[in-house]
Participant: 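The following block contains the structure, expressed as C-alpha cells.
Protein chains get the first letters and strands the later ones, always in sequence-line order, with residue 1 at the start of each.
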There are 2 protein chains.
Amino acid sequence: MATLRDIAHAVGVSVTTVSNVVNGRPNASPELRARVLAAAEELGYRPNRAARAMRTGRTSTLGLVLPDLTNPFFPELAQAVENTARSAGLLVCLIDSQSRPEGEADGFALLMQHRVDGVIWCPLGATTPPTLKDFDKPIVLIDRPRAGYDVVQSDYAMGGRLLAAHALATGHTRIGLLSGPHGVESARQRRDGFVGAHPDSLEIAWEINVDFDGTLPPEAVTALTRRRSATLVVCGNDLIAISAIRCLAERGLRVPHDVSVTGFDNIRWTDLVTPRLTTIAQPIGAIGAKAVEVMLERMSGTAHVSRRTIFDVALVTRDSVRPPRRG
Amino acid sequence: MATLRDIAHAVGVSVTTVSNVVNGRPNASPELRARVLAAAEELGYRPNRAARAMRTGRTSTLGLVLPDLTNPFFPELAQAVENTARSAGLLVCLIDSQSRPEGEADGFALLMQHRVDGVIWCPLGATTPPTLKDFDKPIVLIDRPRAGYDVVQSDYAMGGRLLAAHALATGHTRIGLLSGPHGVESARQRRDGFVGAHPDSLEIAWEINVDFDGTLPPEAVTALTRRRSATLVVCGNDLIAISAIRCLAERGLRVPHDVSVTGFDNIRWTDLVTPRLTTIAQPIGAIGAKAVEVMLERMSGTAHVSRRTIFDVALVTRDSVRPPRRG
DNA sequence: TATGCCAAGTGAAACGTTACACTACAGAGC
DNA sequence: GCTCTGTAGTGTAACGTTTCACTTGGCATA
C-alpha cells in the first residue's frame with residue numbers, strides 16, 4: 001500500500017509537501033499540486049487513518065452502542081447514524097450488547113482501546129458500565145436522558161397526549177393499557193402523557209406492564225379477552241400492539257371491529273400487518289442524524305452545557321381504531 | 001491517557017518489558033510482572049490500538065457491509081457478527097449502503113482507509129465497487145456467492161425444494177411466483193430449487209420478479225388478484241409475502257381461505273402477522289457467526305482455496321397455507 | 001575451568017502521518 | 001543596494017507501539 005513517502009519519492013518532493021497537497025492545505029504551486037495528485041492516483045494512495053490517528057489523537061471514528069438490533073427501532077436508527085456519520089467522514093463502530101450489561105461494558109472497553117472520538121449510546125438501563133469511568137470523549141444519549149449528558153429523543157408525552165385526543169375523538173372512553181416495561185423512562189413518558197391528558201374523560205379499565213419485545217404474560221391475555229372491559233387497547237409500542245392483535249384474533253375477537261388497538265413507534269411493519277396499525281410516528285432517522293450532529297458539535301469543541309433535543313411526534317391513523325360499538 | 005512509557009517510568013523498567021508483560025509474553029519474573037500490572041491498573045492503562053496497528057499492520061477491526069439494515073434479515077445477522085467478532089477481540093465497523101452502489105463504494109473506501117483486517121460483505125448486486133479493486137484483505141461473502149471468494153449462506157435450493165414438497169402435500173398445483181430481484185443469486189437459487197423440484201406436478205401459472213423490500217409493482221398486483229390463476233403464491237422472501245397478503249386483503253381475497261402464500265427467511269414478524277406465515281427458516285445467527293469464523297481462519301493465514309459454507313434450512317408451517325378450494 | 005545455554009531484561013529502530021520551525025527565492029518599497 | 005514580505009517548499013521530531021538484536025548474570029554440563 002502506497003505511503004506519502006512513496007509519492008514524495010516518485011514526484012521528487014518532500015513528504016511534507018505531499019501531505020499538504022493531499023490534505024488540501026496551501027503551500028504548493030498548482031502545477032506541483034497536479035503532479036502530486038496524479039502520482040497519488042497512480043499509486044493508489046489511501047491515507048492511513050491509523051497513522052494519522054496516532055499523530056493527531058483523533059481517529060475519525062464513532063462508537064454506536066445499542067441494546068438490541070432485533071428491536072426494529074434500532075436498525076433504522078443505526079442506518080441513519082451510520083449514513084450521517086459517513087457523510088461527515090466518520091466510521092461507525094457498532095456494539096450490540098444483546099441487552100446484557102456485561103456486553104455494554106465489554107463494548108465500551110473495546111471502543112476505548114480503539115480511541116473512538118465519541119460514542120452515541122442508548123443505555124440499557126440506569127447503570128453505567130464500570131469501564132466507562134475514565135472515558136473522556138463526548139457521549140450523546142439516545143432516548144434515555146441522564147444528568148450531564150447530551151440527549152436526543154422524541155416527545156413521548158406528546159405522543160401519549162395525541163393518542164388520548166384520538167381516543168376521545170373516536171368515541172372511546174374505557175381504555176386498556178399495555179404499557180412498556182416498568183422502570184424504562186421512555187415507556188413511562190408515553191404512559192403518563194396518555195393518562196394525564198384527559199383524566200376526567202378517559203377511564204383506565206386496566207393496566208399491565210409488558211416487555212417491549214411484545215411477549216404477553218398470561219394476565220395480559222386475560223385482560224385483553226375480557227369482553228367489554230375496554231373498547232380501546234393502548235399499547236406501549238408497535239410490537240406489543242401487534243402481539244395483542246394476534247392474541248385477540250386467536251380468540252375470535254377482531255380488530256378494529258370488536259376492539260380497537262393503538263401502537264407506538266410506527267415501525268415499518270405497522271403498515272404491513274392486518275389491520276394496519278394506528279400508531280405514533282417518531283422521526284427515527286432524524287433522531288439518528290441529529291445525534292451525529294450534536295456529536296460533531298461536541299467534537300469540534302464548541303462546548304456548551306449539556307443539551308436536550310426533543311422531536312415532535314405525529315399520530316398516524318390507519319385501520320386499527322374505529323368508534324366502539326354501542327352496548 | 002497512560003502509555004507504556006508512563007508505566008515503565010513508574011515501575012522503573014524498560015518500555016519493552018512493560019509491553020511484554022501487558023501482552024502476556026514471557027521474559028519477566030513473576031514478581032516484576034505483578035508490579036507492572038499493578039501500575040497499569042493504577043494508571044488506567046488502555047492499549048492504544050491505533051499505535052499497535054501502525055506497528056503491526058493489523059487493526060483488530062472488521063468491516064461489515066450491508067445493503068439495508070431495515071430489511072429484518074440484516075439486524076439479526078449484524079448482531080451475530082458483532083457479538084462473535086467482539087468475543088474474538090475484533091471491533092465491527094458498520095456500513096449500510098442503503099441499497100445504493102455509491103454507498104457501497106464510499107463505505108469500502110472508508111474501510112480501506114481505516115485498514116480494517118477484513119470485510120464481511122453482503123453484496124448489493126453483481127457489480128464490484130471500483131474502490132475495492134486493490135483491497136488486499138480477506139473478504140467473506142454472505143448469501144451471494146462469487147468466484148474466488150469465501151461465502152457463507154443457506155441452502156436456498158433446499159428451501160425451494162421443501163416448499164415445493166409442501167405445496168404438493170397440501171394439494172396445490174397451480175403456482176404463482178413472486179420471486180426476488182432478477183440477478184440476485186440467492187433469489188435465483190430459491191426460485192430454481194422450487195421450480196426444479198417437481199417440474200411435472202407443479203405448474204407455474206405466472207412469475208414476477210420483485211424487490212426484496214416487498215414493494216409490489218402493478219403487474220404483481222394484477223397477477224395476484226386474477227382469480228383462479230394460482231392457488232398458492234410462493235414469495236421470494238417474507239417481506240414480499242407480507243406485502244402480498246395485504247395486497248390480497250385490500251382486494252377482498254383472504255389468506256389462506258382464498259389463496260395460500262409462503263414466505264422465505266422466517267424473520268421475526270412472520271409469527272406476528274395475520275395470518276402467521278408459513279416460510280423457510282434459515283439460521284441467520286449461525287450464518288453470521290460462521291462468517292466471522294471463516295474470516296478468522298483467513299486472517300490467521302491458513303489459506304486454502306475459497307470455501308463455501310452452506311447451512312440447512314427448514315420448513316416452518318404456520319397458517320398461511322391450506323389446501324385449495326375445489327373449483 | 002571453560003563452554004554453552006537460559007531467563008530476564010534493555011535500547012533503538014521502525015510503522016505513516018502531521019506540526020513546527022526553518023530555508024530559498026522573488027518582487028516591492030525606500 | 002538594502003530590508004521587508006510573501007510564496008513555495010524542506011527537514012525533523014514526535015505520536016505509542018512492537019520487533020529485533022543485544023546484554024547480563026547465573027547455573028548446568030563437559
Participant: Between the base of D:dT19 and the side chain of B:Thr16, is there a donor-acceptor distance below 3.5 Å?
Facilitator: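 A donor-acceptor contact between them is present.
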Participant: Does B:Asp96 reach the main-chain N or O of B:Gln98 with its side chain, forming a donor-acceptor pair under 3.5 Å?
Facilitator: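 Side chain of B:Asp96 to backbone of B:Gln98, a donor-acceptor pair under 3.5 Å: yes, one is there.
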Participant: How about CZ on A:Arg5, more than 12 heavy atoms from neighbouring residues, nucleotides or ligands closer than 6.0 Å, or not?
Facilitator: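 Counting other residues, nucleotides and ligands, CZ of A:Arg5 stays at 12 neighbours or fewer.
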Participant: Pick base, sugar-phosphate or nothing for A:Arg49, based on heavy-atom distances below 4.0 Å to the nucleic acid.
Facilitator: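 Touches nothing.
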Participant: Measure CZ/A:Arg46 against C1'/C:dC15 and give the value in whole Å, please.
Facilitator: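 Going from A:Arg46 (CZ) to C:dC15 (C1'), I get 20 Å.
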Participant: Whole angstroms only, please: what is the CZ-P distance between B:Arg58 and D:dG16?
Facilitator: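 Rounding to the nearest Å, CZ of B:Arg58 and P of D:dG16 are 22 Å apart.
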Participant: Polar-atom pairs under 3.5 Å, protein N or O versus N or O of nucleotides 4-9 of chain C: list them with distances, or write none.
Facilitator:
from: C:dG9; atom 1: OP2; to: B:Ser29; atom 2: N; distance (Å): 2.7

Participant: Could you tell me the separation between the CZ atom of A:Arg115 and the P atom of D:dC15, rounded to a whole number of Å?
Facilitator: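 These atoms are roughly 14 Å apart.
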Participant: Where the side chain of A:Asp150 meets the backbone of A:Ser306, is there a donor-acceptor pair that is under 3.5 Å apart?
Facilitator: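 Not at all, since once roles are kept as given, no pair shorter than 3.5 Å links the two residues.
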Participant: Phosphate oxygens OP1/OP2 of D:dT18: is one of them under 4.0 Å from a side-chain N or O of B:Ser19?
Facilitator: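 Checking D:dT18 against B:Ser19, a side-chain N or O does come within under 4.0 Å of OP1 or OP2.
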Participant: Using only heavy-atom distances, decide whether a donor-acceptor pair under 3.5 angstrom links the side-chain of B:Arg55 to the base of D:dT18.
Facilitator: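 By the distance-only test, yes, there is a pair.
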Participant: Using the side chain to side chain donor-acceptor pair (under 3.5 Å) rule, take A:Ser97 and A:Glu104 through it: C-alpha gap first, then chi angles, then the decisive distance, then the call.
Facilitator: CA-CA 5 Å; A:Ser97 66; A:Glu104 229 175 23; 4.9 Å; no
Participant: Can you measure B:Gln113 atom CD to C:dT17 atom C1' for me and round it to whole angstrom units?
Facilitator: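 Those two atoms, CD and C1', are 13 Å apart.
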Participant: Measure CE/A:Met54 against P/D:dG16 and give the value in whole Å, please.
Facilitator: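 Rounded to the whole Å, the gap is 8 Å.
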Participant: Quick one: A:Asp6 CG to C:dC15 P, roughly how many Å, whole number?
Facilitator: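 After rounding, the reported distance stands at 10 Å.
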Participant: Answer yes or no: does a side-chain N or O of B:Asn23 lie under 4.0 Å from OP1 or OP2 of D:dT18?
Facilitator: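 For D:dT18, OP1/OP2 do have a side-chain N/O of B:Asn23 under 4.0 Å.
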Participant: Quick one: A:Arg25 CZ to D:dT10 P, roughly how many Å, whole number?
Facilitator: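 So the CZ-P distance, A:Arg25 to D:dT10, works out to 14 Å.
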Participant: Heavy-atom count check: over 12 atoms from other residues, nucleotides or ligands less than 6.0 Å from A:Arg144 CZ?
Facilitator: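 For A:Arg144, atom CZ is crowded (more than 12 foreign heavy atoms under 6.0 Å).
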Participant: Take the protein atom CG of A:Leu4 and the nucleotide atom P of C:dA19, then report the distance between them rounded to whole Å.
Facilitator: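 Checked: the CG to P distance equals 12 Å.
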Participant: It should be established whether A:Arg52 places a side-chain nitrogen or oxygen under 4.0 Å from OP1 or OP2 of nucleotide C:dT18.
Facilitator: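 Checking A:Arg52 against C:dT18: at least one side-chain N or O falls below 4.0 Å of OP1 or OP2.
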Participant: Does CZ belonging to A:Arg100 count more than 12 external heavy atoms closer than 6.0 Å?
Facilitator: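 Atom CZ in A:Arg100 is crowded, with more than 12 foreign heavy atoms closer than 6.0 Å.
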Participant: Looking at every heavy atom in both A:Leu111 and A:Val65, which two are closest together, and how far apart are they?
Facilitator: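 Minimum heavy-atom contact is CD1-CG2, 3.6 Å.
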